[in-house]
Amino acid sequence: MMMQPNGRPVRLQGKWKLFVKDIKRDRHAYVLLAPYVLLFMLFTVLPVVISIFFSFTSFNMLESPSWVGWENYSKLLWNDDVFLIGLKNTMIFAVITGPVSYIACFVFAWLINELKPKVRAFMTLVFFAPSISGNVFFIWQIIFSGDSYGIMNGLLMKIGVIYEPILWLQDTKYMLAIIIIVQLWLSLGTSFLAFIAGLQTVDRTLYEAGAVDGIKNRWQEVWFITLPSMRPQLMFGAVIQITASLAVADVAMALAGFPSVQYGAHTVVTHLVDYGTIRFEMGYASAIATVLFVLMLGSNLIIQKLLKRVGE
């Protein structure tokens, strides 16, 4: 590689000139993007970097942070049994609720998209309503109440399946499954709307061209035309669903309590809440947050690679 007298490679210098030229050409676009980029760096990237730094320190918010290196991570992965329980429960949540809710969002969006506009608008509201209704999931506390007045206990006792009430939300055999069901019920949210919007933008002439090229049924239309045409919405939905499935906390704390019996509904996020907002061990809480961030980032990278194969 040729070198200039100042020691900079010719190729690197050429790329820099090309980069500067592109900025000058698209300066108006960069000016318009600057406020968003500034806010994104200030309120998203910077807090993540600060959290990663604090994860290598001991910090209680009263004294200055002291550097401890990998001690927080060592304690987290080798000595914190409660975190390992939370990690196991979180992975169960993610493996079940992530793919199931993602597929359900697309299937319901696909079915609703075939309806007439007014009916489609009404059905969209019906499916989307649970995710925007605040604490509506508390109705499940009535369904799974641990006394004989609970709907599930009353029904099972009436038909003779059980003879005494079951403590659904205090028994480790049932609480995790119940929370997964409730989370799935709440999962038709933003991803669902994104898929409906994506289906509306698919060029209808592609289906006619596909019929000429040999596509014979609806499933082939979905795989070779519909899904490739809405890759941006599919990626957006995947990010939302991954984040939601790995960040389960509110539903678990509301239904099973905090902490739950024998940590049966404990998750990584509830562990983070414990150390970050109750114990104020911010260094350790930052380590928990960093592990969760790595899990989300790794899951997103895997999903990106899988979505690139859609339609092949």
Side-chain angles (χ1 to χ4, degrees), residues 30 33-95 97-98 135 176 179 183 190 235-236 238-304:
Y30 285 104
L33 285 172
Y36 168 77
V37 173
L38 180 62
L39 292 174
F40 178 76
M41 295 294 292
L42 185 61
F43 293 106
T44 301
V45 176
L46 184 61
V48 170
V49 173
I50 293 174
S51 177
I52 293 174
F53 168 76
F54 279 140
S55 70
F56 294 98
T57 68
S58 176
F59 182 37
N60 60 10
M61 297 188 70
L62 297 176
E63 302 172 331
S64 299
S66 59
W67 186 263
V68 295
W70 295 96
E71 182 178 325
N72 288 329
Y73 293 98
S74 176
K75 177 183 175 182
L76 192 66
L77 299 175
W78 303 112
N79 299 321
D80 193 341
D81 293 335
V82 177
F83 171 76
L84 296 179
I85 293 173
L87 182 63
K88 181 195 72 173
N89 291 338
T90 299
M91 297 309 297
I92 292 174
F93 271 117
V95 170
T97 63
N135 294 332
L176 194 62
I179 294 170
Q183 187 67 28
T190 307
M235 189 62 230
F236 175 77
V239 171
I240 294 297
Q241 294 304 122
I242 288 171
T243 303
S245 61
L246 288 174
V248 174
D250 291 341
V251 175
M253 290 190 293
L255 297 182
F258 180 64
S260 54
V261 177
Q262 297 180 7
Y263 300 103
H266 203 67
T267 66
V268 173
V269 176
T270 57
H271 205 57
L272 174 61
V273 171
D274 182 14
Y275 278 90
T277 65
I278 297 176
R279 308 189 193 197
F280 291 102
E281 296 182 19
M282 303 308 293
Y284 196 69
S286 296
I288 298 171
T290 302
V291 171
L292 184 62
F293 173 72
V294 171
L295 285 175
M296 290 183 177
L297 185 61
S299 301
N300 283 324
L301 292 176
I302 293 173
I303 293 299
Q304 285 183 19

With His271 as reference, evaluate Leu292, Leu87, Ile288 under the side chain to side chain contact (heavy atoms under 4.5 Å, CB included) test and give the passing residue. Ile288
Counting only heavy atoms not in Asn300, do more than 12 fall under 6.0 Å of its CG? yes
On the 0 to 90° scale, with breaks at 30° and 60°, tag the Tyr36-Phe40 ring pair as parallel, tilted or perpendicular. parallel
Rounded to the nearest 0.5 Å, what separation is found between the CG atom of Asp250 and the OG1 atom of Thr270? 10.5 Å
With a sphere of 6.0 Å drawn around CD of Gln262, does it hold more than 12 non-hydrogen atoms of other residues, nucleotides or ligands? no
Spacing of Trp78 atom CH2 and Asp81 atom CG [to the nearest 0.5 Å]: 12.5 Å
Could you pull out all residues at least two apart from Ala289 that satisfy side-chain contact (heavy atoms from CB on, under 4.5 Å)? Ser51, Leu272
Would you say that Phe93 contacts Ile179 through its side chain, given a criterion of any heavy-atom pair below 4.5 Å between the two side chains? yes
Hey, which of Tyr284, Phe54, Phe83 is the one that makes ring-ring contact (aromatic ring centres under 6.0 Å, His included) with Tyr275? Tyr284
Below 4.5 Å, heavy atoms only, C-beta onward: do Val291 and Val268 meet side chain to side chain? no
Are the side chain of Ser55 and the backbone N or O of Thr290 linked by a donor-acceptor pair below 3.5 Å? no
State, to 0.1 Å, how close Gly276 and Met282 come at their nearest heavy-atom pair, and which atoms those are. O-SD, 3.4 Å
Rounded to the nearest 0.5 Å, the CE atom of Met91 sits from the OG atom of Ser245 at a distance of 9.0 Å
Measure the shortest side-chain to side-chain distance between Thr90 and Val248 over non-hydrogen atoms and say whether it is less than 4.5 angstrom. no
For Trp67, side-chain contact (heavy atoms from CB on, under 4.5 Å) partners two or more places apart: Phe53, Phe56, Thr57
What closest approach, in Å, do Thr243 and Met296 show between heavy atoms, and which atom pair accounts for it? O-CE, 3.8 Å
If you measure from CE on Met61 to CZ on Phe59, what distance do you get to the nearest 0.5 Å? 6.0 Å
Within this structure, what is the CG-CD1 distance for the pair Asn89 and Ile85, rounded to the nearest 0.5 Å? 7.5 Å
Out of Ile50, Ile52, Val45, which residue meets the side chain to side chain contact (heavy atoms under 4.5 Å, CB included) rule with Val48? Ile52
Sidechain-backbone polar pair: Ser260 side chain, Gly257 backbone, donor-acceptor under 3.5 Å: no
Ala249 to Thr267 - nearest heavy-atom pair and separation: CA-OG1, 4.4 Å
Nearest heavy-atom neighbours spanning Ser299 and Leu246: OG-CD1, 4.1 Å
Got a donor-acceptor contact below 3.5 angstrom from the Thr277 side chain to the Val273 backbone? yes
Only counting residues at least two apart or in another chain, list the ones meeting side-chain hydrogen bond (donor to acceptor under 3.5 Å, both in side chains) with Asp274. Arg279
Please report the interatomic distance NE2(His266) to CE(Met253), rounded to the nearest 0.5 Å. 10.0 Å
Exercise: identify the closest heavy-atom pair between Ile303 and Ala238: CG2-CB, 3.4 Å
Please find the pair of heavy atoms, one from Leu42 and one from Pro47, that lie closest to each other, and give the distance. O-CD, 3.4 Å
